[in-house]
Undergrad: 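I have a structure here, written as structure tokens, and I will follow up with some questions on it.
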Number of protein chains: 2
Amino acid sequence: MPRGKQPNSSRSIWSPPLTVRRLSIYLRYLEELANQGQQTVSSRQLGQALGLTDAQVRKDLAWFGHMGRPGVGYRVAAMVEQLRAIFGTDKVSSVAVIGVGSLGRALLRYKGFLSKGFRLSAAFDVSPQRIGRSLGECVVQPLDELEKVIAQQGIRIVILAVPAAVAQEMADRLVRAGIVGILNFAPVTLTVPEGIAVIPVDMAVQLEQLAYMINAPRPGVSGRPRRRQSSG
Amino acid sequence: MPRGKQPNSSRSIWSPPLTVRRLSIYLRYLEELANQGQQTVSSRQLGQALGLTDAQVRKDLAWFGHMGRPGVGYRVAAMVEQLRAIFGTDKVSSVAVIGVGSLGRALLRYKGFLSKGFRLSAAFDVSPQRIGRSLGECVVQPLDELEKVIAQQGIRIVILAVPAAVAQEMADRLVRAGIVGILNFAPVTLTVPEGIAVIPVDMAVQLEQLAYMINAPRPGVSGRPRRRQSSG
DNA sequence: ATCTGTGAAAAGATTCACAGCC
DNA sequence: GGCTGTGAATCTTTTCACAGAT
């Protein structure tokens, strides 16, 4: 299936998946630079801070038109704005947390989502002991309310933090309720209809990957230079 | 730099990075099948459950020798054993949690790591209010004890759950203390020496990826069939 | 008939290297 | 001088398709 060639200067652009992963990382670092008052940044500086080559940074950023100026670099503030628009996080959107075990509670208490464009505005659980408890800026509600609250608040994304055994049936129910994106912390692969996005986050899997990297280091590597962390 | 061709039947094998990511997912599913008492599984069944093609499953599993039998499939139990050996999780290893904020506490309380080969056996924090508190199976210790405990317990992997502002300096200290793998929950890119493995896990970044997928769906997709979640 | 293992082809991603702008 | 944008080359990953094992 053919896909358009590189640059594209209008809104809501398609970019290759691995590029999109890095765009988030660029954005995070550019926000830091903006806070520090830095005006412009070169592909070289970005690459060094993030463990990428300068060529790769330029290719990635070239996906949405001519953003850099030769001899100068990229304008930090403009870049942040454009990246947020690409992710659709220039406006804050509401997110529900399904399952308020220890992980769900930790996420509800985390203060960093809002500045990234996400407001955790509803929380649900089955357990009567948890219902009514106030966490972050929401009160835990019973699951009966799920469909109603999702519709009322226009929620399209949820964080799924329920036990593995019930994750698939809950995902089905969420999709019926109109959810289109699921951040899945349950250690199972979800099956969802076409058009629904799922990002899996399994911490045991991540530890396993780390164990592999330690036990079976990449061949041909022997060097001294400081490296940056791989993607995530 | 040339790399060996495909199959390799001895221990601790190199496989392509994207294959290794999937191996964890195969293992998770195979463990489930083993619990259900299933003896063998075909590449087709694995693929369907996990949203992959059967050819891809076969290529991935072929990296460590002839494990399947034509006309029959793969032996579930043998596969689980071999995958655990590849990840080095056939023996339990000790992991320390650095930073006992709400996320650190949630991880310490999570019961699922042990069966995956990881024991969270030490926890550290700066805050006097947190020190001495008992969480999961450990008592929170002051950071002064860090180097001593890491050496005593032979800890090689840590979960880093400290604020972004201090993550890099803590990573440097951990590396000096002999740590070789870091699961990094701080929303910054760490710079570490060659030979140290870092896996970044930034939940805001994951939500951002989800937002992108919802706002800019892949072109040329329109279908009906049920899909599985992408990798993670 | 079912299912694996694997070359060969296709698609995707990264690196190289350099023309051209500031 | 420094720096971007981008074709061309290289490397990696996925898909195809089928020989051969059970």
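Every chain is numbered from 1, with letters handed out A, B, ... down the list of sequences.
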Undergrad: At under 4.0 Å, does any side-chain N or O of A/Q56 touch on OP1 or OP2 of C/dT15?
TA: yes

Undergrad: Whole Å only: how far is the CG atom of A/D60 from the P atom of D/dG5?
TA: 12 Å

Undergrad: Rounded to the nearest Å, what distance is computed from the CZ atom of residue B/R44 to the P atom of nucleotide D/dC16?
TA: 13 Å

Undergrad: If you measure only the distance, is there a donor-acceptor pair under 3.5 Å linking the side chains of A/T191 and B/R228?
TA: yes

Undergrad: For A/K59 and for A/V72, find the nucleotide of DNA chain D with the closest heavy atom, then tell me which residue's nucleotide is more 5'.
TA: A/V72

Undergrad: Nearest whole angstrom, please: distance from the C1' of C/dC22 to the CZ of A/R69.
TA: 7 Å

Undergrad: Whole angstrom is fine here: how far is it from CG in B/L61 over to C1' in C/dT6?
TA: 14 Å

Undergrad: Distance check: side-chain N/O of A/R58 vs OP1/OP2 of D/dG7, anything under 4.0 Å?
TA: no

Undergrad: Choosing from C/dC16, C/dC3, C/dC22, which nucleotide comes nearest the side chain of B/S42?
TA: C/dC3

Undergrad: Please report, rounded to the nearest Å, how far the P atom of D/dT13 is from the CZ atom of B/R21.
TA: 11 Å

Undergrad: Using a cut-off of strictly less than 4.0 Å, decide whether B/T53 has a side-chain nitrogen or oxygen near OP1 or OP2 of D/dT15.
TA: yes

Undergrad: Write down the distance between CE (A/M79) and C1' (D/dT4), rounded to a whole number of angstrom.
TA: 12 Å

Undergrad: When the distance from CG of B/L46 to C1' of C/dC3 is rounded to whole Å, what number comes out?
TA: 13 Å

Undergrad: Any chance you could measure B/L30, atom CG, to B/N35, atom CG, to the nearest 0.5 Å?
TA: 11.0 Å

Undergrad: A/S42 versus A/D54: any side-chain heavy-atom pair under 4.5 Å?
TA: no

Undergrad: So, does A/Y74 get its side chain near the phosphate of D/dG2, meaning an N or O under 4.0 Å from OP1 or OP2?
TA: no

Undergrad: Whole angstrom is fine here: how far is it from CG in A/D54 over to C1' in C/dT14?
TA: 12 Å

Undergrad: What do the steps show when you test A/L103 against B/Y110 for side-chain contact (heavy atoms from CB on, under 4.5 Å), and what is the final call?
TA: CA-CA 8 Å; A/L103 180 61; B/Y110 178 56; over 6 Å; no

Undergrad: According to the side chain to side chain donor-acceptor pair (under 3.5 Å) rule, which pairs have a member within residues 159-170 of chain A, sequence neighbours left out?
TA: A/Q168-A/D172

Undergrad: Please determine whether a side-chain nitrogen or oxygen atom of B/S43 lies at a distance below 4.0 Å from atom OP1 or OP2 of C/dC3.
TA: no

Undergrad: Map A/G71 and A/L18 onto DNA chain C by nearest heavy atom, then report which one ends up closer to the 5' terminus.
TA: A/L18

